[in-house]
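Working notes, beginning with the structure itself.
On a predicted model such as this, the values are computed, not experimentally measured, just so you know. In what follows, chains are A, B, ... by sequence order, proteins preceding strands, each numbered from 1.
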There are 2 protein chains.
Amino acid sequence: MKTKGLYCFRTFLLVLFFLGFQDCVQGRLLAASKPDRDDAAAYARWLVSQNTWGILNTLSSELEGAPFGNVVSFSDGLPDKGTGIPYFYLTTLDPTARNALKDQRSSLTISEYPLGTCGKADPESPVCAKITFTGSLGLLDAKSKEAEFAQTALFTKHPEMKGWPKSHNFQIFKLEIKDIFMINWFGGPKPLTVEQYLDYKMNKFAVSL
Amino acid sequence: MKTKGLYCFRTFLLVLFFLGFQDCVQGRLLAASKPDRDDAAAYARWLVSQNTWGILNTLSSELEGAPFGNVVSFSDGLPDKGTGIPYFYLTTLDPTARNALKDQRSSLTISEYPLGTCGKADPESPVCAKITFTGSLGLLDAKSKEAEFAQTALFTKHPEMKGWPKSHNFQIFKLEIKDIFMINWFGGPKPLTVEQYLDYKMNKFAVSL
């Protein structure tokens with residue numbers, strides 16, 4: 001009986017191990033551990049480097065200037081080598097790119113919730129971080145070095161993009177950040193300048209895997 | 001050996017069963033199966049009833065009229081008894097409620113991605129549904145029947161809200177929908193009027209659990 005119990009316990013552990021590696025967060029392993037919540041720049045850069053999608057908001061030229069959110073994928077660089085600057089791969093078949101070409105005012109909102117690191121906190125709780133970058137959403141010159149960098153960054157985190165139809169004329173857009181609104185604990189938005197955010201050195205992260 | 005193997009297999013099944021009920025989607029069980037993608041109203045109502053959070057966009061009165069997205073929790077009714085109308089519990093300590101009180105133009109964007117039902121599709125892929133409701137974000141009269149209904153709907157899906165500080169003066173807001181933009185497959189946005197969306201009877205859903 002003792003041996004049988006041991007075998008069963010081993011099976012149990014193996015199953016847990018296997019399922020652990022399946023990952024509950026949309027099949028993606030989190031590469032870096034969550035930074036100290038009082039280090040606003042580190043926390044913001046972590047949110048951006050670990051998340052792969054968010055809501056990109058533009059002013060609707062078709063709906064009386066309403067703020068129009070759209071689900072987009074983004075990348076700020078190669079995994080664990082983020083720059084903090086969000087790049088997008090958009091087509092003017094979609095209202096977001098059309099809106100941005102008429103009025104660059106935009107924001108990108110990202111939640112910590114889908115990373116699965118908020119515990120039991122409600123998605124609106126200040127304990128579950130949220131960040132909004134407000135700025136200008138501009139089209140990059142396709143032949144520029146920056147567009148080349150951004151395309152590699154996007155295609156590495158979103159391999160499916162490589163196969164998206166050429167006829168849809170996807171182009172690379174960049175959000176030039178002018179303001180950062182981040183809540184990652186009680187007590188209101190964390191003070192964080194764009195300079196502090198962009199200057200943060202990502203290699204401070206303790207890699208947990 | 002045979003008996004031991006059977007015990008281990010049973011342990012394995014029990015663990016799978018237990019972990020299945022843990023749910024990979026942020027601890028919440030999906031109550032209704034995914035509708036046919038060609039039934040736009042059913043799909044839209046399913047997205048709203050199954051999701052508990054999204055990005056609520058307003059026009060920033062503090063950032064030169066920029067579109068400002070914010071992570072919010074919402075509810076459209078009791079679980080499996082949704083009305084399709086999104087209600088929110090907001091405080092003017094947060095820019096979103098302040099913006100809405102100055103200019104009601106707003107949108108709510110929801111992704112299918114965090115539900116875990118997109119398979120391996122990228123979050124921006126048309127195969128992973130996204131929906132944006134554009135309309136007016138208005139404050140409800142706290143003494144109205146609708147506010148009472150909305151509060152029950154919100155507190156049932158977001159029990160944490162009951163304990164949020166009274167001093168923050170949370171109030172109930174409603175998005176009066178004027179336009180629906182939904183992509184849930186290739187071929188561009190699905191034609192869907194507000195009337196078709198609101199008139200859809202939720203009990204058509206096949207409950208899968």
side-chain contact (heavy atoms from CB on, under 4.5 Å) between A:Met161 and B:Glu124, intermediate numbers included: CA-CA 9 Å; A:Met161 285 180 176; B:Glu124 193 174 313; 4.2 Å; yes

Heavy atoms of other groups near B:Gln196 CD, more than 12 under 6.0 Å: yes

[atom1] of [X] to [atom2] of [Y]: how many Å apart, nearest 0.5 Å?
X: A:Leu56; Y: B:Thr109; atom1: CG; atom2: OG1; value: 10.0 Å
X: B:Trp53; Y: A:Ser125; atom1: CH2; atom2: OG; value: 13.5 Å
X: B:Asp122; Y: A:Trp164; atom1: CG; atom2: CH2; value: 4.5 Å
X: B:Asn57; Y: A:Asn57; atom1: CG; atom2: CG; value: 4.0 Å

Pair up each side-chain donor or acceptor in residues 59-71 of chain B with any protein partner under 3.5 Å, not counting sequence neighbours, and list the distances.
unit_1: B:Ser60; atom_1: OG; unit_2: B:Glu62; atom_2: N; d: 3.2
unit_1: B:Ser60; atom_1: OG; unit_2: B:Leu63; atom_2: N; d: 2.7
unit_1: B:Ser61; atom_1: OG; unit_2: B:Asn99; atom_2: OD1; d: 3.2
unit_1: B:Glu62; atom_1: OE1; unit_2: B:Arg98; atom_2: NH2; d: 3.2
unit_1: B:Glu62; atom_1: OE2; unit_2: B:Arg98; atom_2: NE; d: 2.9
unit_1: B:Glu62; atom_1: OE2; unit_2: B:Arg98; atom_2: NH2; d: 3.3
unit_1: B:Asn70; atom_1: ND2; unit_2: B:Asp94; atom_2: OD2; d: 2.6
unit_1: B:Asn70; atom_1: ND2; unit_2: B:Thr96; atom_2: OG1; d: 2.8

Which of A:Ile131, A:Asp103, A:Thr134 touches chain B most, by non-hydrogen pairs under 4.5 Å: A:Thr134

Option that, when pairs with chain B are counted at under 4.5 Å, heavy atom only, ranks first among A:Arg105, A:Lys130, A:His158: A:Arg105

Contact class of B:Ser111 relative to chain A, heavy atoms under 4.5 angstrom: both

Part of B:Ile183 within contact of chain A (heavy atom distance under 4.5 Å): side chain

Check residues 83-92 of chain B and write down every donor-acceptor pair under 3.5 Å in which the side-chain atom is one partner and the other belongs to a residue at least two apart or another chain.
unit_1: B:Thr83; atom_1: OG1; unit_2: B:Asp76; atom_2: O; d: 2.8
unit_1: B:Thr83; atom_1: OG1; unit_2: B:Ile85; atom_2: N; d: 3.1
unit_1: B:Tyr87; atom_1: OH; unit_2: B:Glu146; atom_2: OE2; d: 2.7
unit_1: B:Thr91; atom_1: OG1; unit_2: B:Leu93; atom_2: N; d: 3.0
unit_1: B:Thr91; atom_1: OG1; unit_2: B:His168; atom_2: O; d: 2.7

Contacting region of A:Pro95 [heavy-atom separation from chain B under 4.5 Å]: side chain

Contact class of A:Lys120 relative to chain B, heavy atoms under 4.5 angstrom: backbone

